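Just below is one structure, and these are the notes that go with it.
Ligands are counted one by one from 1 in listed order, and the atoms in each one are counted from 1 as well. We use all heavy atoms of the structure for the numbers below, so side chains are in, but hydrogens, waters and symmetry mates are not. Keep in mind it's a predicted model, so treat the numbers as computed, not measured.
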Amino acid sequence: MTLLPNPFSALVIGSSGTIGGAFIELLENNPLCSSVVGIHRHSEHSIDYQKPDSIEACAAALSQKSPFQLIINTIGVLHSSDWMPEKRLDDLNPEQLMELMTINAIGPALTIRHFSKLLDPKNSIMVTISAKVGSIKDNRLGGWYSYRASKAALNMLIKTASIEWGRTKPNTALIAMHPGTVNSRLSKPFRGEQIGRPAHDAVADMFRVIESLKKEDSGSFISYSGEKLPW
Ligand SMILES: NC(=O)c1ccc[n+]([C@@H]2O[C@H](COP(=O)([O-])OP(=O)(O)OC[C@H]3O[C@@H](n4cnc5c(N)ncnc54)[C@H](OP(=O)(O)O)[C@@H]3O)[C@@H](O)[C@H]2O)c1
């Protein structure tokens with residue numbers, strides 16, 4: 001049996017982003033979605049991964065709007081005004097590695113911890129957007145050290161939490177999802193406009209996968225196409 005009930009209430013974390021914003025639009029237009037809340041660094045209840053305390057505070061502030069049957073976390077970074085993904089080992093530096101770990105792995109893991117209290121224990125799904133380049137098995141090209149390592153760390157944190165939730169939250173699926181290459185702020189410097197898909201196509205595909213999730217899928221790394229990816 002699929003997990004997402006009808007109707008369902010949704011929370012999108014990182015709704016100021018390209019993929020997050022497209023999820024908000026899709027959910028607002030989905031008749032089965034009774035309400036959708038979006039949060040980001042500048043929303044009324046803000047969440048900022050450079051300020052870890054904001055994660056717990058934001059979850060506490062939103063508890064009145066819970067339970068949510070669907071939480072989707074889209075926060076992530078690949079580059080900044082100070083650096084681009086590393087092409088070679090000589091580009092590796094502690095600041096970049098630390099910042100990507102903070103935003104792509106530690107923040108999302110603490111989000112799983114604190115926002116888990118807002119999930120409906122009867123039936124719910126929590127999806128965190130990861131990236132296929134975080135797959136250790138699939139790494140054929142190398143490069144992008146910090147981004148790859150931070151998404152691999154994120155994947156491990158999700159897998160580990162899903163095992164605990166198998167005991168403590170048996171009716172919740174915890175998922176790492178790859179969106180495919182999407183035309184966004186994040187992909188722009190890497191020919192995202194040419195090789196990336198429009199975000200609304202990517203989220204439509206991801207939502208089809210989300211709708212079909214069963215509790216047995218918890219602890220999976222799944223592509224927008226529904227394919228199970230190797231860790
Ligand atoms: N686009 C792709 O081709 C692609 C491929 C694979 C995986 N992904 C993953 O998909 C997710 C969404 O990416 P996107 O393409 O939609 O990128 P995006 O448009 O750049 O959106 C990134 C989101 O992350 C937020 N964010 C960045 N740093 C933050 C921080 N310190 N604290 C809180 N929020 C922060 C941004 O908030 P602000 O608006 O405040 O900056 C924004 O909401 C990411 O996890 C990314 O790794 C994307």
Side-chain angles (χ1 to χ4, degrees), residues 11-26 37-59 71-85 95-96 98-112 114-115 126-135 138-139 141 144 146-155 157-158 175-203 205-207 209-210 221-225 227 229:
L11 171 67
V12 177
I13 304 174
S15 55
S16 57
T18 313
I19 292 175
F23 265 122
I24 293 279
E25 203 181 313
L26 177 139
V37 177
I39 55 169
H40 52 83
R41 280 196 274 206
H42 306 291
S43 51
E44 184 193 351
H45 304 299
S46 66
I47 183 161
D48 185 339
Y49 285 172
Q50 301 284 15
K51 300 175 188 153
D53 290 349
S54 73
I55 302 169
E56 186 172 6
C58 186
I71 297 182
I72 305 173
N73 184 3
T74 67
I75 291 175
V77 283
L78 171 60
H79 55 84
S80 80
S81 48
D82 298 327
W83 37 257
M84 294 301 276
E95 294 78 19
Q96 184 171 353
M98 192 69 84
E99 188 164 337
L100 284 193
M101 285 292 177
T102 300
I103 298 169
N104 291 347
I106 298 170
L110 292 173
T111 301
I112 290 169
H114 294 298
F115 282 74
M126 188 163 185
V127 173
T128 305
I129 305 297
S130 182
K132 196 174 173 182
V133 296
S135 166
D138 189 67
N139 186 356
L141 290 175
W144 292 24
S146 299
Y147 187 70
R148 283 186 189 278
S150 65
K151 291 291 193 181
L154 168 67
N155 287 351
L157 289 156
I158 290 171
I175 301 291
M177 188 167 276
H178 170 60
T181 304
V182 178
N183 180 8
S184 76
R185 269 189 281 156
L186 180 140
S187 63
K188 199 173 169 56
F190 311 95
R191 299 195 304 121
E193 278 165 65
Q194 288 91 55
I195 61 172
R197 293 194 301 154
H200 65 261
D201 290 351
V203 302
D205 283 348
M206 286 190 276
F207 190 71
V209 175
I210 290 168
F221 184 19
I222 308 181
S223 172
Y224 63 92
S225 61
E227 179 196 357
L229 298 171

| CA sep, side-chain torsions, deciding dist, call: N155, S130, side chain to side chain donor-acceptor pair (under 3.5 Å) | CA-CA 7 Å; N155 287 351; S130 182; 2.7 Å; yes
| request: Output all residues satisfying side chain to side chain contact (heavy atoms under 4.5 Å, CB included) with L26, sequence neighbours left out; order by chain, then residue number. | output: V203, A204, F207
| query | Does the side chain of I75 reach to within under 4.5 Å of the side chain of H40, using non-hydrogen atoms? | reply | no
| said: Could you tell me if the side chain of I55 sits less than 4.5 Å from the side chain of I47, heavy atoms only? | reply: yes
| field | Residue shell around ligand 1, heavy atom under 4.0 angstrom | value |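 Close residues (ligand 1, cut-off 4.0 Å): G14, S16, G17, T18, I19, R41, I47, D48, Y49, Q50, T74, I75, G76, V77, I103, I129, S130, A131, Y147, K151, P179, G180, T181, V182, S184, R185, L186, S187.
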| Name the one of T111, V77, L110, I106 that satisfies side-chain contact (heavy atoms from CB on, under 4.5 Å) with Y49? |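 Exactly one option meets the side-chain contact (heavy atoms from CB on, under 4.5 Å) with Y49, and it is T111.
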| task | Starting at OH of Y147, measure out to CG of N104 and round the result to the nearest 0.5 Å. | result |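 Y147 OH to N104 CG: 6.0 Å, rounded to 0.5 Å.
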